[in-house]
Amino acid sequence: MSIKTPQPVRGTQDIFGPEADAFAHVVETFERVRRLYRFRRVEMPVFERTEVFSRSLGETTDVVSKEMYSFEDRGGESLTLRPEFTAGIARAFLTDGWKQYAPLKVATHGPLFRYERPQKGRYRQFHQIDAEVIGAAEPQADVELLAMADQLLCELGIADGVTLNLNTLGDADSRDAWRAALVEHFRGVKDELSEDSQERLEKNPLRILDSKDERDRRFVADAPQIDRFLSSEAQDFFASVTGGLDAAGVAWTRNAALVRGLDYYRHTAFEFVTDRLGAQGTVLGGGRYDGLMESLGGPATPAVGWAAGIERLAMLVGAQAEAPSDACVVVEDDALLTRGTAMVTAIRRAGFTAELVATGSPRKRFDKAVKGGALTLFALSQGEDGATVRTKGDADLLARIGQAIGHPA
RNA sequence: GCGAUUGUAGCUCAGUUGGUUAGAGCGCCGGUUUGUGGUACCGGAGGUCGCGGGUUCAAACCCCGUCAAUCGCCCCA
């Protein structure tokens, strides 16, 4: 009587009907494209020891302290629901000896969990597709990965209005020098920056570059560029990536303000961005993370990868109209229910999609079936001279189904 | 963590300056009509107006709190 129905957990979603079909379409397209590029499928655990993520992300960041779903299991072990794929795959590469397969191209997809405030295209349980190349130091790996991403977006039909923003963070030395120059630059005008950016100056100065505040934008425009600090090796690497993209016919735009917060990122950083999703414009993002394996206690191992939110891709794809049923069997007289059951089963076994309508007022069942939108109808009714089957719909399909189930159309 | 907006039937929404028994469309259930037929009509079920206080003779409506959703900020692996 007074039992309260449990409400869904904040930030979770129940995906249904056309939206669920759009979701499935994204995953199916990803699976197909990933095979074209010969990326191998991996299935990963949904949870890991907390260190897998805390070591790779850095112990002190907000990300680790506030935005992970962590809990203790019965043995007192701290575990965490995966907030990303990369760290878990890197762990598996080390613990499962996948080095023997290097360079290893893998792809996966599934749910991820982040304790964040939900908003458009952002949920606490969300879903990503993911692709990684581990053990490949060459810029060709970056190019292949980006070409695959580009092809995926094209095949999903959402490439229009989506642009590939590309940047390089250089190697570790380049990056450190650039960072120091940025801090110096912004410290000079600290009082004129937004409150948020004054904080960022201490915690995460690179983030000032993509501040949305007008007060910051003026100073971002003439901030020092990474290019001035790139070693010649880093310049060569980036030139190879852009050259490869041009050769592959992948359009890109240089975005010198595109950064990554974590130190393990090196060289290539990229995001496919759209203006059609409000504040959550990044549709697919990734980069080269040559420094990650060492933070997990492994040997220096170059790697590059990307991930994309399935929900966001599905929103761009748009709700998919559900395919109509090939046939609908209508039982207009309850005496014919067994016959209707036999017929609908036969149709399905013959490989046609079919629905059975046999409930509610018999007189209204036919209308209900028509509204259901099936391509053909088989209506069973009891007349003066016994049971009759009336049909309606696409003549060719009626004939094929009729033949398959041994019933003349 | 912060801000804005929104919470009325299963869904989409009306609801006047606060005023009697809170409505419509769709959907659902039943009946009549039609009988190769997506029609039309009649009827029915379904709401503690998110929740809790307050103001008032009287609150869906005004005030406070709270919860939730949406969008944005922060953050973004």
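The sequence lines fix the lettering, A, B, ..., with proteins before strands; numbering per chain opens at 1. Here the structure is a predicted model, which is why all the values come from computation and not from measurement.
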Point to revise | Residues from residues 109-120 of chain A lying under 4.0 Å of RNA chain B - heavy atoms | key: A:R114, A:E116, A:R117, A:Q119, A:K120

Check your understanding: Looking only at atom P, what distance separates B:rA58 and B:rC67, rounded to whole Å?
Key -> 29 Å

Exercise for review: Calculate the interatomic distance between A:D213 atom CG and B:rC73 atom C1'; express it in whole Å.
Suggested key: 11 Å

Study note, to complete from the structure: Closest non-hydrogen contact found for A:A87 with A:L296 is O-CD1, 4.0 Å

Exercise for review: Sticking with atom C1', work out how far B:rC57 lies from B:rG10, rounded to a whole angstrom.
Suggested key: 37 Å

Review point. For the side chain of A:D290 and the backbone of A:P302, is there at least one donor-acceptor N/O pair under 3.5 Å apart?
Key: no

**Study point:** Whole-Å gap separating P (B:rA77) and NZ (A:K66)
**Key:** 16 Å

Check your understanding: So, is A:R363 near the phosphate of B:rU32, with a side-chain N or O under 4.0 Å from OP1 or OP2?
Key -> yes

Practice item. In whole angstrom, give me the gap between the P atoms of B:rC42 and B:rC51. Key: 33 Å

Practice item. Strictly below 4.0 Å, heavy-atom distances to any atom of RNA chain B: list the hits from residues 161-191 of chain A, or just say none. Key: none

Review point. Would a distance-only check, ignoring hydrogens and angles, find a side-chain to backbone donor-acceptor pair under 3.5 Å from A:R35 to A:F30?
Key: no

**Study point:** Check ion pair A:R254-A:D227 (N to O, under 4.0 angstrom)
**Key:** yes

Review point. When rounded to the nearest Å, what value does the distance between P atoms of B:rG44 and B:rA22 take?
Key: 16 Å

Exercise for review: Report yes if at least one side-chain N or O of A:S361 is closer than 4.0 Å to OP1 or OP2 of B:rG31; otherwise report no.
Suggested key: yes

Review point. So what does the secondary structure string of RNA chain B come out as, 5' to 3', with Watson-Crick or wobble pairs under 3.5 angstrom, [ ] for crossing and | for pairs with another strand?
Key: (((((((..((((.....[...)))).(((((.......))))).....(((((..]....))))))))))))....

Point to revise | A:R40 side chain reached by A:L104 side chain, heavy atoms, under 4.5 Å | key: yes

**Study point:** Under-3.5 Å donor-acceptor pair between A:E67 side chain and B:rA77 base
**Key:** yes

Practice item. Using only heavy-atom distances, determine whether the side chains of A:E332 and A:Q382 contain a donor-acceptor pair under 3.5 Å. Key: no

Short N/O separations, protein against nucleotides 5-7 of chain B, under 3.5 angstrom:
none

Check your understanding: Roughly how many Å is it from NZ in A:K364 to P in B:rC42, rounded to a whole number?
Key -> 13 Å

Check your understanding: When you match A:E271 and A:G121 each to their closest nucleotide on RNA chain B, which lands nearer the 5' end?
Key -> A:G121

Point to revise | Under 4.0 angstrom between A:N204 side-chain N/O and B:rC76 OP1 or OP2 | key: yes

Point to revise | Nearest-Å distance once atom P is located in both B:rC49 and B:rC2 | key: 30 Å

Revision key, fill the gap. Testing B:rC75, B:rG27, B:rG37 for proximity to the side chain of A:E332, the answer is B:rG37

Review point. Does a side chain donor of either A:R200 or A:S197 reach within less than 3.5 Å of an acceptor in the other side chain?
Key: yes

Review point. If only atom types and distance count, is the side chain of A:K99 paired as donor or acceptor with the main-chain N or O of A:G135 below 3.5 Å?
Key: no

Exercise for review: Give the nucleotide from the list B:rG37, B:rA68, B:rC73 with an atom nearest to the side chain of A:R10.
Suggested key: B:rA68

**Study point:** side chain to side chain contact (heavy atoms under 4.5 Å, CB included), paired with A:L182, selected from A:V259, A:L206, A:I226
**Key:** A:L206

Review point. For A:Q13 and B:rA68, what is the distance between atoms CD and P respectively, to the nearest whole Å?
Key: 18 Å

**Study point:** Euclidean distance, atom NZ of residue A:K371 to atom P of B:rG37 [Å, nearest integer]
**Key:** 16 Å

Practice item. Would you indicate, yes or no, if B:rA77 has its OP1 or OP2 atom less than 4.0 angstrom from a side-chain nitrogen or oxygen of A:R82? Key: no

Check your understanding: Can you tell me if A:R288 uses its side chain to pair, donor with acceptor, with the backbone of A:R266 under 3.5 Å?
Key -> no

Review point. Cut-off 3.5 Å, side chains only: do A:Q151 and A:E155 have a donor facing an acceptor?
Key: yes

Check your understanding: Do A:Q198 side-chain atoms and A:L193 backbone N/O form a donor-acceptor pair below 3.5 Å?
Key -> yes

**Study point:** Distance-only donor-acceptor test, A:R122 side-chain atoms vs B:rC75 base atoms, 3.5 Å
**Key:** yes

Review point. Does a donor on one side chain sit under 3.5 Å from an acceptor on the other, for A:T86 and A:E132?
Key: yes

Point to revise | Nearest-Å distance for atom pair CZ/P, residues A:R312 and B:rC76 | key: 14 Å

Check your understanding: So, A:T253 and A:T163: side-chain donor and acceptor under 3.5 Å apart, yes or no?
Key -> no

**Study point:** Interatomic distance, A:Q280 CD vs B:rC73 C1' [rounded to whole Å]
**Key:** 11 Å

**Study point:** C1' atoms of B:rU55 and B:rG65, separation to the nearest Å
**Key:** 15 Å

**Study point:** Interatomic distance at P, B:rC11 relative to B:rC74, whole Å
**Key:** 34 Å

Exercise for review: Give the minimum heavy-atom separation between A:F39 and A:A107, together with the two atoms involved.
Suggested key: CB-CB, 4.1 Å

**Study point:** Main-chain N/O of A:A269 paired with A:R260 side-chain donor or acceptor, under 3.5 Å
**Key:** no

Check your understanding: Between B:rU33 and B:rU70, how far is it from one C1' atom to the other, in whole Å?
Key -> 46 Å

Point to revise | side-chain N/O A:K212 vs B:rG72 OP1/OP2, d < 4.0 Å | key: no

Check your understanding: Can you tell me if the side-chain N/O atoms of A:K368 get under 4.0 Å from OP1 or OP2 in B:rG38?
Key -> no

Exercise for review: Just grab all the ring-ring contact (aromatic ring centres under 6.0 Å, His included) pairs involving residues 109-152 of chain A, residues at least two apart or on different chains.
Suggested key: A:F23-A:H127, A:Y69-A:Y115

Within the sub-3.5 Å range, which N or O atoms of nucleotides 9-12 of chain B have a protein N or O partner, and how far apart are they?
none

Exercise for review: Taking only the side-chain heavy atoms of A:D196 (C-beta and beyond), determine which of B:rC73, B:rG37, B:rG31 contains the nearest atom.
Suggested key: B:rC73

Practice item. Give the rounded distance in Å between these two atoms: CG of A:L296 and C1' of B:rA77. Key: 13 Å

Review point. Does a side chain donor of either A:D196 or A:S211 reach within less than 3.5 Å of an acceptor in the other side chain?
Key: no

Point to revise | Donor-acceptor pair between A:D142 and A:T268 side chains, under 3.5 angstrom | key: yes

